[in-house]
Amino acid sequence: MRKVVAFNDNWNFSKNGVDTVSVSIPHTWNNIDGQDGGNDYYRGTCTYTKNFSKPEINDGERVFIEFRGAAMSAKASLNGKELVSHRGGYSTFRADMTDILEAENVLIVEVDNSANNAVYPQMADFTFYGGIYRDVNLIIVPEEHFELLKDGTPGIKVTSKVDLKNKKAVVTVETWHNGKEVLITVNDETKKVPDKAEFEIENVHLWDGLDDPYLYTAKACLSGGDCVSTKFGVRDFEIDSEKGFFLNGRSYPLRGVSRHQDRIGLGNALTKKEHEEDMDVVLELGANTLRLAHYQHAQEFYDLCDEKGLIVWAEIPYITKHMSEGKENAKSQMKELITQCYNHPSIVCWGLSNEITASSPVTDELLSDHKELNDMCHKMDSTRPTVMAHAFMLEKDSPLIPIADIASYNLYFGWYLGELEQNEEFFDEYHKMFPDRVIGFSEYGADANSRFHSSKPEQGDYTEEYQCLYHEHILKCIEERPYLWATHVWNLFDFAADGRDEGGKKGENQKGLVEFDHKTKKDAFYLYKAAWSKNPFVHVCGKKYVDRAEDKTKVKVYSNCESVSLMVDGKLVDTKSGKTVFEFEIDITGEHRIEALSGDCRDEMTIKHVNESNSEYIFGGSGNVVNWFDKEDIKAGFFSIKDTFGDLMKNPGTAAIVGKIMAKASASRGEVAEGTKDNKALMQMMAGLSFESLLKKAGANVISPDQVKSINDALQNIPKEG
Ligand code: GCB
């Protein structure tokens, strides 16, 4: 019999060779400093030590140790002898300790998250927590046992092929072990084989997404008693460049969110409880797909996705910047991801890389590394396509794109730069150019801090209201484009990006629909809930926007009901029929109780008329977008910041002014911006944007409102020809 024993307690942790403290796993050393901003969190080597007595074992039994996640690299020794080393912070690895075990043992694990040029990720918008942050187990198996070492394999692999028409499936179960033969059982049928068996299932019960995520079990046992088992699902999917995703023969548009695993206070050191809580949020939202970004997530979470019927995009952290020394690591992280996650029916694709051209040119090496990775995926798994998440500025005809089976895009028009409508324009143009390519929307989002509010929300103001407007626009965009094979909001949760300091919070990316506590939902959460979930509800937006300096105010209600009534101070104001978004305008004079009703559903808030706007609702720091000029302030017939970047660059006089500002902006933004001028696609894209929107993106800490005014004054002296 196999014994799995938790090995999480009584570790000694030491940072810098000092401060030994007793900890239990899961543990990270960056749960505080990796979340407080400033990018100065500890990245280095820390040591975990555990003293333990030899477990009782029978003759021939072997004792393995299993690490389910040690970030980013780990080197373990037992009683002074090297045991295992592993590079990559997100996957399972194991080691056989048997031959070095003594009566009393000292296990030392050096874990390292320092910067280097070989282990991904090294450059990305999230905190690279260090630690043994997932469970450690002892696995005691008989002499004859299933493989445990190779790429962290579960020892059993299930592949199913469905014949939808005849409701039949052929299920192939492969195993790896050091015995002679194995008994494999599926669906009450047992076969004795050397290592691999095929089963036919009649009247197959399909794994059918959220509607019916039915799971079978495959079990394999060796004569000495070692057994492994895995849940699996039988499902079929297809992806059409025109019609999108099909699950088991029917159209099943994938609409959902991305998830980063970390949480405030805990970092990435999570237990099953947090994974389950996250899944509850996903289910409440009604999303049917998750992009589990930007690395391999915990097995517990993929299991939950299988059980609940989510469709998952899985990926490795080959991100932002290609490293010449990183090829082997990208390959080994991918090998582990596929080996360890192959049996999850929820997973439908393998993500090769994310925005890899954001900070790296498209070189022959980049192309050939991607080809190799892609071929490896296909060789390891012929049932799932590969995908890449591209940055918007990558040329649409770049030779990088056709390497993966699917091209998805991270677009932030309407947030970082550009206008909301450019999202639609981008996809429509792309789809027209390459009608046979499967394309998707792998990221989109806008940061919001629920302290900030406005009745005139503006791109870049970090208000909950702008986040709502942004997502209302994109929701419509994706609903109207069935060819988008999968869409994922960036992000379900706010997450730690220690290098950030913006929008009134340090160290956080605030694009979440839910705050970093994974509990407090922002208004935009309810927009998607209204669009995707089935349980009737109403949600009144703006509950934290209490003080309103206006006589009339808009009240927005998100609901999946067909009509919503609004009451003010107990009196019915209006009933509106519609879909998802219900808007009302009401007079306010003092303090009012606002109620939204539909059937048994009800939600309420209190708002107050004030004479002066509450300054606490306005984000005043750097990056704040100031509304510089109204149209009326601009002298016609002369250039201004309202003109496009492209037009301003065509006139030598205005080009000189603009050129100077751009140099200043890129100097302050560093590495990523340096390549701007050489990036044709980016320049082309920028040419269509107003100079004002580019200045806004640069932020007030780069160009102050006064400077903007003087730039505009200078431009206004230059007449337009003709
Ligand atoms: C991206 C990245 C993601 C970032 C996101 C953002 O394109 O893929 O890791 O967090 O943009 O919020 O800027």
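We're numbering straight along the sequence, starting at 1. Ligands are counted one by one from 1 in listed order, and the atoms in each one are counted from 1 as well. No hydrogens, no waters, no symmetry mates; every other heavy atom, side chains included, goes into these values.
For atom 4 (C) of ligand 1, the nearest protein heavy atom (residue, atom name, distance) is D125 OD2, 3.2 Å. With hydrogens left out, the protein atom closest to atom 12 (O) of ligand 1 is K511 NZ, 2.5 Å, a heavy atom. Looking from atom 9 (O) of ligand 1 to the surrounding protein, the closest heavy atom is H294 NE2, 2.7 Å. For atom 2 (C) of ligand 1, the nearest non-hydrogen atom of the protein is E443 OE1, 3.2 Å. Ranking the protein heavy atoms by distance from atom 7 (O) of ligand 1 puts E355 OE2, 2.5 Å first.
A ring-centre distance under 6.0 Å is found for Y444 and F441. For W490 and Y409, the gap between ring centers reaches or exceeds 6.0 Å.
Under the 30°/60° scheme for interplanar angles, the aromatic rings of F691 and F645 are found to lie parallel.
Inspection of the Y90 and H294 side chains reveals no N or O donor paired with an N or O acceptor under 3.5 Å. W313 and S258 share no donor-acceptor pair across their side chains, judged by distance under 3.5 Å alone. Between the side chains of E465 and H453, a donor-acceptor pair is found at a separation under 3.5 Å. For Q333 and N329, the side-chain atoms include at least one donor-acceptor pair closer than 3.5 Å.
Residue Y412 places a heavy atom less than 4.0 Å from ligand 1.
Close approach of ligand 1 to N354 is summarised as follows: ligand atoms under 4.0 Å from at least one heavy atom of the residue are 2 (C), 8 (O). Near F495, the atoms of ligand 1 lying under 4.0 angstrom from a non-hydrogen atom of the residue are 10 (O). Atoms of ligand 1 lying under 4.0 Å from any heavy atom of R500, numbered from 1 in the order shown and given with element: 6 (C), 12 (O), 13 (O). Residue Y416 approaches ligand 1 through these ligand atoms, each under 4.0 Å from one of its heavy atoms: 6 (C), 12 (O), 13 (O).
Relative to the ring axis of F525, K521 places its NZ or CZ within 45° and under 6.0 Å from the centre.
Contacts between D447 and ligand 1 below 4.0 angstrom, taking non-hydrogen atoms only, are absent altogether. Contact annotation for N491 and ligand 1: no heavy atom of the residue comes within less than 4.0 Å of the ligand.
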